[in-house]
Amino acid sequence: MQGKYNQFTAMMAIAKASLKATFRSPSSVFFSLGFPLVFIFVFGFIGSGSGISLDIAMSKSADTTSQLYHVITSIPALHIVNKSDSDIHTDLRNGDITAIIDIKKTPGDSLSTIQLTSSNAVNPQNLQILQSILRSMLLNIEGSHFKTARIDPNPVILDGKAYKYIDFMLPGMLGFSLLGAGVFGVAFLFFNLRQQLVLKRFFSTPVKRPYIVIGEALSRVVFNITTAIIIILVGIFAFNFTLVNGFSTFIQMLILSVIGLLVFMGFGFIVSNVAKNENVIPIFSNFFTLPQLLLAGTFFQVSVFPKWMQFFCNLLPLTHFNNAMRKISFEGATIFSTWKDVGALLLWGIVLYAIAIKVFKWE
């Protein structure tokens with residue numbers, strides 16, 4: 001008498017076979033590991049140790065009614081960050097903003113003083129550029145009142161963590177790797193399984209459908225988390241990538257990577273089911289991935305875009321992944337403390353998998 005069919009054993013056998021096939025695929029290895037590593041080496045060597053932001057904040061004690069205040073806040077080269085005092089000082093110590101600007105008027109003194117507060121996490125060149133912008137502003141302002149203003153030559157420098165370009169770029173490249181693998185990898189994999197009638201043959205076996213899908217998905221997760229580990233380790237040992245809390249931060253990054261990959265795979269499932277042939281898979285996939293590669297803060301901050309575009313940038317799942325990953329790796333946040341970004345990512349997952357289930361077919 002035959003024993004009860006073990007669904008879990010069958011699922012693990014599918015996952016094992018699929019994982020072997022993935023590792024034997026040169027294209028899978030290159031696009032998931034080789035391609036991101038090329039970007040890391042290029043940008044790591046080019047941008048090693050350089051700052052990335054000229055964002056500023058206006059001090060809450062600055063006189064908001066003065067014309068000088070309005071002139072500074074209207075300078076196109078400066079992006080004003082509006083946050084709470086605690087968040088602004090955290091950003092300043094992390095190097096996310098260049099300086100806090102205060103406008104002081106000392107009783108009995110005819111000169112208004114522009115006081116800058118920065119940190120040693122900020123690229124000194126960015127601070128010098130900011131000072132040059134303000135000096136140029138004062139030289140070009142008309143009216144005797146503004147000619148009495150001056151810039152304090154000795155900015156207040158707070159202690160902070162040095163923010164290297166690799167600390168910004170590597171989380172973005174990790175997200176890009178997971179996005180590409182989740183969408184392109186799954187789309188081509190399940191389309192080929194369907195075209196070759198492998199899924200149909202699976203359907204005729206005692207293995208239940210959820211175990212088949214989970215088994216294939218599990219193989220992708222194992223493969224791409226392996227590549228994520230390699231990417232992070234290369235960043236640490238080759239470019240001194242910051243893991244603020246060491247191994248704990250490393251584990252948090254891997255957990256977020258699993259969440260992000262599973263969400264991105266949802267769109268891969270959709271593409272594999274709606275595509276009529278292999279030629280349209282790259283078109284559908286790029287429709288989802290390319291805008292995120294350019295707009296989700298992979299290579300540069302979302303704040304460089306016009307405000308109307310930032311609204312759409314902040315809707316993208318990769319934007320939330322990148323934001324959460326940078327907070328975890330550099331600021332020491334956890335999955336739970338980044339719940340807004342993780343929650344938005346999970347909401348995308350719910351929507352994508354709801355559509356994927358709706359359009360899923362076996363042949």
Side-chain angles (χ1 to χ4, degrees), residues 27-53 94-96 162-186 220-221 223-244 249-265 267-268 285-286 288-305 313 316-331 333 338 341-342 345:
S27 60
S28 295
V29 174
F30 176 76
F31 283 106
S32 294
L33 179 61
F35 198 56
L37 284 179
V38 169
F39 274 92
I40 286 177
F41 274 100
V42 171
F43 284 98
F45 285 123
I46 291 176
S48 181
S50 62
I52 59 171
S53 177
N94 290 336
D96 292 337
Y163 192 38
K164 304 175 293 296
Y165 187 68
I166 190 69
D167 295 325
F168 177 85
M169 187 272 294
L170 188 141
M173 287 310 306
L174 182 57
F176 166 66
S177 172
L178 296 173
L179 176 67
V183 177
F184 285 93
V186 170
R220 308 302 301 182
V221 171
F223 173 76
N224 287 287
I225 294 306
T226 301
T227 65
I229 293 173
I230 296 174
I231 289 172
I232 295 172
L233 292 178
V234 169
I236 293 172
F237 292 107
F239 300 106
N240 196 28
F241 173 68
T242 300
L243 284 179
V244 64
T249 298
F250 181 75
I251 295 300
Q252 292 285 330
M253 291 178 68
L254 292 184
I255 294 174
L256 181 60
S257 295
V258 172
I259 295 174
L261 177 62
L262 291 175
V263 171
F264 300 145
M265 286 170 60
F267 194 79
S285 298
N286 279 313
F288 183 73
T289 60
L290 187 57
Q292 297 192 78
L293 176 63
L294 299 175
L295 303 176
T298 301
F299 300 111
F300 37 79
Q301 291 180 325
V302 171
S303 60
V304 303
F305 295 108
C313 294
L316 300 174
L318 186 59
T319 300
H320 295 287
F321 176 89
N322 289 339
N323 290 343
M325 187 63 77
R326 289 179 179 123
K327 291 175 184 176
I328 289 172
S329 64
F330 189 76
E331 299 177 20
T338 57
D341 288 310
V342 174
L345 198 60

Heavy-atom closest contact (Thr338 atom, Ala333 atom, distance): CG2-CB, 3.8 Å
Counterpart residues, ring pair (Phe, Tyr, Trp, His ring centres under 6.0 Å), relative to Phe267 (two or more places apart): Phe288
Within-4.5 Å side-chain heavy-atom neighbours: Leu254 and Ile232: yes
From CA spacing to verdict: side-chain contact (heavy atoms from CB on, under 4.5 Å), Phe241, Val234: CA-CA 9 Å; Phe241 173 68; Val234 169; over 6 Å; no
Test log, rule side-chain contact (heavy atoms from CB on, under 4.5 Å), inputs Val221 and Leu262: CA-CA 8 Å; Val221 171; Leu262 291 175; 3.8 Å; yes
Test side-chain contact (heavy atoms from CB on, under 4.5 Å) applied to Val342 and Asn323, Leu256, Ile255, Ile328, the passing residue: Leu256
Residue pair Asp167 / Asn240: nearest heavy atoms and the distance that separates them: OD1-O, 4.5 Å
Interatomic spacing from CD1 in Ile236 to CG in Leu243 - rounded to 0.5 Å: 4.0 Å
Which atom of Thr319 lies closest to which atom of Cys313, heavy atoms considered: OG1-O, 2.6 Å
Main-chain N/O of Met253 paired to Ser257 side chain as donor or acceptor, under 3.5 Å: yes
Test side-chain contact (heavy atoms from CB on, under 4.5 Å) applied to Ile225 and Val258, step by step: CA-CA 7 Å; Ile225 294 306; Val258 172; 3.6 Å; yes
Gap separating the CD1 atom of Ile259 from the CZ atom of Phe264, nearest 0.5 angstrom: 11.0 Å
Donor-acceptor contact below 3.5 Å, side chain Gln292 vs main chain Leu318: yes
Student check: side-chain heavy atoms of Met325 and Leu174 closer than 4.5 Å: yes
Residues forming a side chain to side chain donor-acceptor pair (under 3.5 Å) with Asp341, sequence neighbours excluded: His320, Lys327
Verdict with reasoning, Thr227 to Asn224, per side-chain contact (heavy atoms from CB on, under 4.5 Å): CA-CA 5 Å; Thr227 65; Asn224 287 287; 4.2 Å; yes
Backbone N/O of Val183 and side chain of Ser285: donor-acceptor pair under 3.5 Å: no
Side chains of Leu179 and Phe321 in contact at under 4.5 Å (non-hydrogen atoms): no
